[in-house]
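Note that this is a predicted model, so its numbers are computed, not measured. Scope of the values below: all heavy atoms of this structure, side chains included, with no hydrogens, waters or symmetry mates.
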Amino acid sequence: MVLGMGLPALPAGAEAEVRVSVTRVKASPARHTGKCPVVVEFSARITVKGSGVVRYHWGRSDGTRAPVRTLKVQGRKTVVVRDRQVFDKDTKGWQAIRFFGVKPKLSGKAAFSVKCGGLEPVYDGGHPLPPGSRTDPVRTAASVTATPSSHSGACPATVGFTATLQVSRVPARVAYRWVDSLTGEGPLQYADFGAGTGRSRTVSASLTVTASGGGWKAVRTLGPGGAVSTRANYTVTCGSGQPVATPAAATETQHYSGPCPATVRFTGKVTVDRVPAEVAYEWVDSRGGKGPSDVLTFTGAPGSEDVIPYDRRVEKGEAGTVTLRVLTPKVAESTIDFTVRCQDGNPAGARATVTDIAYAGTRSGPCGQPISMLASGVISAPRGPATITYEWVKNGRPIELTDEAASTGTGPWKWDVIRLSLQKEQDASGSVAIKIHNDGGVSPALNYSSACAGEERDLTLIATVPDHAGACSSEGPGVFVHNRATIIARGLSGSVVYQWARKTADGRWADWGSRGGVSFRGDEFETRSLIYPWKVSNTETRQWKLTVTHKGKEYETPVASHTVTCA
């Protein structure tokens with residue numbers, strides 16, 4: 001699952017310090033079949049807009065969570081974050097980014113699988129890397145040991161790691177990085193092998209552990225002859241006495257809107273800090289109901305175990321909490337709130353409309369740096385009361401940006417929806433629509449394209465063409481669809497000539513309508529809006545563009561498509 005949402009803007013009256021979007025969450029390689037150990041790189045593109053600090057960490061399907069990291073932002077920032085993991089046996093799962101205090105709480109999941117078709121030779125102090133000739137490229141090998149590999153007693157404890165690096169010939173310089181199960185890949189370091197030295201040397205690292213748990217370190221050498229060591233595993237059990245069991249409840253449908261009765265599934269994990277341990281738990285809810293209960297047995301090493309899910313059936317609308325409660329060895333709780341809003345159909349006759357796409361934010365250099373665009377829309381209905389759940393659809397696919405529109409009155413009403421941010425560098429053209437969950441209806445799409453015209457960066461253009469679905473007529477008043485364009489000039493004075501063009505059925509571009517002109521006074525970022533209405537008479541799919549001429553130079557917008565369906 002990959003999130004492709006833009007930056008949502010909140011409705012009037014709501015405030016948010018920071019807005020976050022996550023795209024391109026992926027694993028590389030996502031599937032590996034062959035020799036192990038192997039390095040899998042996880043990456044994600046985080047875009048933050050606003051003022052403040054965003055806290056996040058990488059989370060994994062096995063319950064492991066990396067340390068929390070922060071992003072400071074003042075305005076808008078896009079960063080690519082990475083994490084590397086070493087796998088030396090068959091495994092599969094996912095990694096994702098979890099945020100604190102902002103939405104989304106969890107990014108898309110980067111799934112991966114590793115199937116080891118054999119192990120690379122392990123070259124260590126007792127098994128040297130074979131030598132190579134002076135003309136062969138330098139090969140490298142690495143092995144790592146942990147001391148102590150198992151600790152039980154007072155904490156904090158220090159675990160030391162020794163890596164043996166080998167080369168096939170000298171002189172050589174080896175670039176390497178430590179890879180850690182929690183913190184991912186460390187900084188780049190170098191090890192030098194002189195002409196008169198041996199082909200093996202050791203480097204070291206240490207780790208201070210403050211709580212019971214386990215992990216590993218490995219070493220990756222870089223370059224054409226690079227290699228990956230196996231993991232050096234360690235476990236730490238702090239103190240003595242009873243184990244501490246920590247529950248964590250979760251649900252993917254925390255806030256549900258739709259037909260009732262409905263079943264909301266709650267899942268959870270219990271983590272212990274030392275073994276052996278037996279943990280008794282139960283599910284309870286705020287209305288006195290009880291779910292499954294069981295006893296988990298932990299042996300081998302501290303870690304986490306899944307509990308039996310609680311499938312809670314809700315007959316009608318409800319808001320409450322569900323708690324995963326540890327009973328032994330010591331009571332501990334994890335509580336999650338939920339809401340269920342029953343919505344059967346759309347009796348209010350509500351409909352969605354995408355009303356506009358316009359530039360957002362500062363325009364200080366609209367062509368010199370990426371600029372986002374905001375799509376706006378409304379939910380309207382001839383009567384109330386009603387609660388309508390809606391979702392943005394981009395390029396024909398829902399993007400999980402969902403909210404509610406509501407009215408408590410009985411007359412006609414209208415609601416401005418959450419605006420959708422379209423990042424110019426990612427979404428230079430496409431279409432957006434709004435889906436109403438109550439009845440599954442989708443609004444007509446608004447197609448758009450945007451570009452900067454010319455090296456002089458005088459003009460910024462955006463053309464939009466709305467879809468139409470309804471009755472069409474070539475006689476009488478007819479039905480009109482409106483092409484719209486915005487020209488933004490940077491200190492331009494004088495006139496600009498424009499001409500609409502449409503692709504004909506045989507694939508040729510033909511001028512459509514009369515040439516027009518607009519004038520600019522020379523002010524910074526003057527805006528002129530162009531509207532061209534045309535009558536709908538037949539079902540068709542066509543393409544449009546706008547040609548702009550300034551100082552003898554001609555510029556064109558990208559192509560924007562439209563679809564007309566005559567009922």
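Nearest approach of Ala277 to Val272, heavy atoms of both residues: CB-CG1, 4.2 Å. The heavy-atom pair separating Gly396 from Ser431 by the smallest distance is N-OG, 4.3 Å. In terms of heavy-atom proximity, Lys109 sits nearest to Val25 at C-CG1, 4.5 Å. Shortest non-hydrogen contact noted between Val86 and Trp216 is N-CH2, 3.3 Å. When all heavy atoms of Phe87 and Cys36 are compared, the closest pair comes out as O-CB, 4.1 Å. The two atoms that bring Ala381 and Ala348 nearest to each other are CB-O, 3.7 Å, heavy atoms only.
Using a 4.0 Å cut-off between a side-chain N of Lys or Arg and a carboxylate O of Asp or Glu, Glu305 and Lys269 do not qualify as a salt bridge. The residues Lys435 and Glu391 are annotated as not salt-bridged, no charged nitrogen and carboxylate oxygen being separated by less than 4.0 angstrom. Using a cutoff of 4.0 Å between basic side-chain nitrogens and carboxylate oxygens, Arg312 and Glu318 are scored as salt-bridged. Ion pair Lys26/Glu41 not flagged as a salt bridge, since none of the NZ, NE, NH1 or NH2 atoms sits closer than 4.0 Å to an Asp/Glu carboxylate oxygen.
The backbone N or O of Ile97 lies less than 3.5 Å from a partner atom in the side chain of Ser107, making a donor-acceptor pair. Side chain of Thr339 to main chain of Ala319: no donor-acceptor pair is present (N/O by atom type, distance under 3.5 Å, no hydrogens or angles). The backbone N or O of Gly384 sits nowhere less than 3.5 Å from a side-chain atom of Thr410 that would complete a donor-acceptor pair. Using modelled atom types, one side-chain atom of Ser334 and one backbone atom of Ala249 make a donor-acceptor pair closer than 3.5 Å. In this structure, Trp392 contributes its side chain and Ile418 its backbone to a donor-acceptor pair below 3.5 Å. At distances below 3.5 Å, at least one donor-acceptor pair connects side-chain atoms of Asp90 with backbone N or O atoms of Cys116. With Arg383 contributing its side chain and Pro347 its backbone, the two residues share a donor-acceptor pair below 3.5 Å.
Side-chain contact annotation: Ser51 with Gln74, donor-acceptor N/O pair under 3.5 Å present. With hydrogens and angles left out, the side-chain atoms of Ser376 and Thr355 include no donor and acceptor closer than 3.5 Å. Side-chain polar atoms of Tyr390 and Asn438 form no donor-acceptor pair below 3.5 angstrom. Between Thr323 and Thr335, the side chains place a donor N or O and an acceptor N or O closer than 3.5 Å (distance only, hydrogens not considered).
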| field | Criterion salt bridge (Lys or Arg N to Asp or Glu O under 4.0 Å) on Asp180 and Arg84, from CA distance to verdict | value | CA-CA 8 Å; Asp180 187 273; Arg84 286 188 174 92; over 6 Å; no
| request: Tell me, with the steps shown, if Ser443 and Thr353 meet side-chain hydrogen bond (donor to acceptor under 3.5 Å, both in side chains). | output: CA-CA 6 Å; Ser443 74; Thr353 305; over 6 Å; no
| task | Any chance you could lay out the side chain to side chain contact (heavy atoms under 4.5 Å, CB included) test for Tyr281 and Thr328, step after step, and finish with the verdict? | result | CA-CA 7 Å; Tyr281 70 87; Thr328 60; over 6 Å; no
| message | Between Glu185 and Arg82, does the salt bridge (Lys or Arg N to Asp or Glu O under 4.0 Å) criterion hold? Intermediate values first, please. | response | CA-CA 9 Å; Glu185 197 166 58; Arg82 304 181 190 277; over 6 Å; no
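The distance between the ring centers of Phe112 and His32 does not fall below 6.0 angstrom.
With contacts defined as side-chain heavy-atom distances shorter than 4.5 Å, the pair Ile379/Val417 qualifies. Inter-residue side-chain proximity for Trp415 and Val378 is flagged as unmet; no heavy-atom pair is nearer than 4.5 Å. Looking only at side-chain heavy atoms (C-beta outward), Lys92 and Lys115 stay at 4.5 Å or farther from each other.
Here CG of Asp439 is found 12.0 Å from CZ of Arg351. Values are rounded to the nearest 0.5 Å. Rounding to the nearest 0.5 angstrom, the gap separating the OG1 atom in Thr23 from the CD1 atom in Ile46 is 9.5 Å. Taking OG1 of Thr251 as the reference point, atom CZ of Arg265 lies at 9.5 Å (rounded to 0.5 Å). Of the inter-residue distances, the one linking Trp283 atom CH2 with Ser293 atom OG reads 12.0 Å to the nearest 0.5 angstrom. Note that the CD1 atom of Ile357 and the CG atom of Leu374 stand 10.0 Å from one another [nearest 0.5 Å]. Atom-to-atom distance recorded for Lys49:NZ and Arg76:CZ is 7.5 Å, nearest 0.5 angstrom.
Just one of Asp62, Thr246, Thr271 meets the side-chain hydrogen bond (donor to acceptor under 3.5 Å, both in side chains) condition when paired with Ser304; it is Thr271. Between Val270 and the options Asp306, Val326, Asp294, a side chain to side chain contact (heavy atoms under 4.5 Å, CB included) holds for only Val326. Evaluated for a side chain to side chain contact (heavy atoms under 4.5 Å, CB included) with Leu446, the options Asp356, Val354, Ile434 yield exactly one hit, Val354.
For Lys77, the NZ atom is densely surrounded, since the number of other residues' heavy atoms within 6.0 Å is greater than 12.
With a 6.0 Å cutoff to the six-membered ring centre and a 45° limit on the axis angle, Arg69 does not count as a cation-pi contact of Tyr56.
Taking the six-membered ring where tryptophan is involved, the planes of Phe266 and Tyr310 are tilted, since the angle between them lies from 30° to 60°.
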